[in-house]
Each structure stands twice: as C-alpha cells, then as structure tokens.
Visitor: 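The structure is given below, and queries will be raised subsequently.
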Amino acid sequence: MTKFKSSGVIESISNAIHGLKLAVCSQRNFRIEVLISFLVVISALILRFTITDICILLVMITLVLICELINSVIEFTLDATYKNNYSKLVEMAKDMSAGMVLLVACMSVVVGLLLYGKQIIFLLSIKV
C-alpha cells in the first residue's frame, strides 16, 4: 500500500474546486484575470458575438488562467523546495514562468482586439 490513497471522482472534483478557491483567495493576479474575463464575456454577449467568437474568447481566457495557475504552482514549489532562499536558478525559473503568463496574456489581448474590432466595425456598418 502506498502513502497516497486512491480517491473517487467526487473527492477529486472537490479537491480541484478547493484549489481554485485557494487561487482566488491567495493570488491577486488570478482575481484580476477572473474579473476581466467576466467583463469580457459579458461585453461579448452584449455585442452579440457569434458562438465561434465566444468560444475563441473562452479558450483564450482559459489559457491565461491555466498559465497563471501553473505560474503559481511553480513559484510555490520552488519557494518550498529552496525554503525561500535566493538562488539565481530559482529567480530565472520564476521569471520564465511569469513570462509564460505575459506571453499568453498579450496574445489574448491581440485576439480580443481582433474579435472586438471586427464586431464593432460590423455593428457600425449596420447603423450607417
């Protein structure tokens, strides 16, 4: 028998929800990204985005949130492993992890600008 017990689906889902709650409670950037995501989806619905465009937005939002979670996990793991002691390699790993989030966030802004720009031009052309 291993020290890790096998858990059922319900317990796994419960643990995952607990993890998301931890991220919301402890990570300021994650909270900001969730708020922005909510506003982006609401505004997309108000602007009558197509289902395809909403799906693209949801994929980009999910990628940003996943990368933020991965970044947090990397930072927590490194801090725990190295007991918050300074290490150039730890600093580099944390910086690259943050870079991952920045890269995906920038790409999601570009995708959002393209989708919103297209929809705003479409709506303005109808009213002219």
Side-chain angles (χ1 to χ4, degrees):
M1 178 144 191
T2 69
K3 65 180 178 177
F4 301 105
K5 67 177 183 148
S6 176
S7 61
V9 174
I10 300 297
E11 187 175 351
S12 295
I13 292 171
S14 176
N15 291 338
I17 290 170
H18 178 69
L20 290 173
K21 286 179 184 176
L22 284 173
V24 169
C25 292
S26 67
Q27 301 300 305
R28 180 180 53 94
N29 288 347
F30 192 80
R31 283 193 302 273
I32 292 168
E33 290 158 355
V34 168
L35 175 64
I36 291 170
S37 300
F38 179 74
L39 296 173
V40 164
V41 170
I42 295 299
S43 63
L45 293 173
I46 290 170
L47 291 173
R48 298 183 181 168
F49 274 33
T50 66
I51 293 296
T52 303
D53 289 347
I54 290 173
C55 288
I56 292 168
L57 283 176
L58 291 174
V59 167
M60 294 308 297
I61 287 167
T62 304
L63 280 173
V64 170
L65 295 176
I66 288 169
C67 285
E68 190 65 53
L69 289 170
I70 291 169
N71 179 50
S72 296
V73 168
I74 288 170
E75 289 184 356
F76 286 143
T77 302
L78 290 171
D79 287 344
T81 302
Y82 290 91
K83 298 176 178 53
N84 291 319
N85 291 326
Y86 176 79
S87 164
K88 187 65 177 169
L89 291 176
V90 169
E91 178 186 4
M92 290 169 57
K94 285 182 169 186
D95 288 350
M96 284 189 267
S97 179
M100 167 186 62
V101 178
L102 179 62
L103 182 64
V104 173
C106 288
M107 186 51 64
S108 71
V109 168
V110 170
V111 169
L113 289 172
L114 292 171
L115 293 175
Y116 277 87
K118 177 186 82 165
Q119 190 63 14
I120 290 170
I121 289 169
F122 174 75
L123 290 174
L124 289 176
S125 68
I126 289 176
K127 295 182 180 185
V128 173

Visitor: Could you list the donor-acceptor pairs under 3.5 angstrom formed by side chains in residues 96-106, with sequence neighbours left out?
Guide:
residue : atom : partner : partner atom : Å
S97     : OG   : N71     : OD1          : 2.5

Visitor: Working to the nearest 0.5 angstrom, can you tell me the gap between K118 NZ and D53 CG?
Guide: 3.5 Å

Visitor: Is there a path from V64 to I32 through hydrophobic residues (I, L, V, M, F, W, Y) whose side chains come within less than 4.5 Å of each other?
Guide: yes

Visitor: Is a salt bridge present between E91 and K94, judged by a nitrogen-to-oxygen distance below 4.0 Å?
Guide: no

Visitor: Taking all heavy atoms of V111 and all of M60, pick out the closest pair and write down the distance.
Guide: CG1-CG, 3.9 Å

Visitor: How long is the span from the CD atom in E75 to the OG1 atom in T77, to the nearest 0.5 Å?
Guide: 10.0 Å

Visitor: Please step through side-chain contact (heavy atoms from CB on, under 4.5 Å) for the pair C55 and V59, ending with a clear verdict.
Guide: CA-CA 6 Å; C55 288; V59 167; 5.5 Å; no

Visitor: Out of curiosity, does I42 fall in the hydrophobic cluster containing I56 (side-chain heavy atoms, cut-off under 4.5 Å, transitive links)?
Guide: no

Visitor: Checking side-chain contact (heavy atoms from CB on, under 4.5 Å) against L57, which of L115, T52, V41 comes through?
Guide: L115

Visitor: Linking I/L/V/M/F/W/Y whenever their side-chain heavy atoms sit closer than 4.5 Å, directly or via other members, would V40 and L63 fall into one cluster?
Guide: yes

Visitor: Using side-chain contact (heavy atoms from CB on, under 4.5 Å), reason through L65 and V34 one step at a time and then give a plain yes or no.
Guide: CA-CA 8 Å; L65 295 176; V34 168; 4.0 Å; yes

Visitor: Grab the two heavy atoms, one from R31 and one from C25, that are nearest each other, plus how far apart they are.
Guide: NH1-O, 3.1 Å

Visitor: Measuring only between side-chain heavy atoms, which start at C-beta, is I54 closer than 4.5 Å to L45?
Guide: yes

Visitor: For the backbone of I10 and the side chain of S14, can you confirm whether one donor and one acceptor N or O come within less than 3.5 Å of each other?
Guide: no

Visitor: Determine yes or no for a side-chain-to-main-chain donor-acceptor pair under 3.5 angstrom, with Q119 supplying the side chain and L47 the backbone.
Guide: yes

Visitor: By the ring pair (Phe, Tyr, Trp, His ring centres under 6.0 Å) test, which pairs, at least two apart or in different chains, include something from residues 46-81?
Guide: F49-Y116

Visitor: Treating Ile, Leu, Val, Met, Phe, Trp and Tyr as nodes and any side-chain heavy-atom pair under 4.5 angstrom as an edge, say whether L20 and V73 lie in one connected cluster.
Guide: no

Visitor: Establish whether F38 and V24 are linked, either directly or via other cluster members, by ILVMFWY side-chain heavy-atom contacts under 4.5 Å.
Guide: no

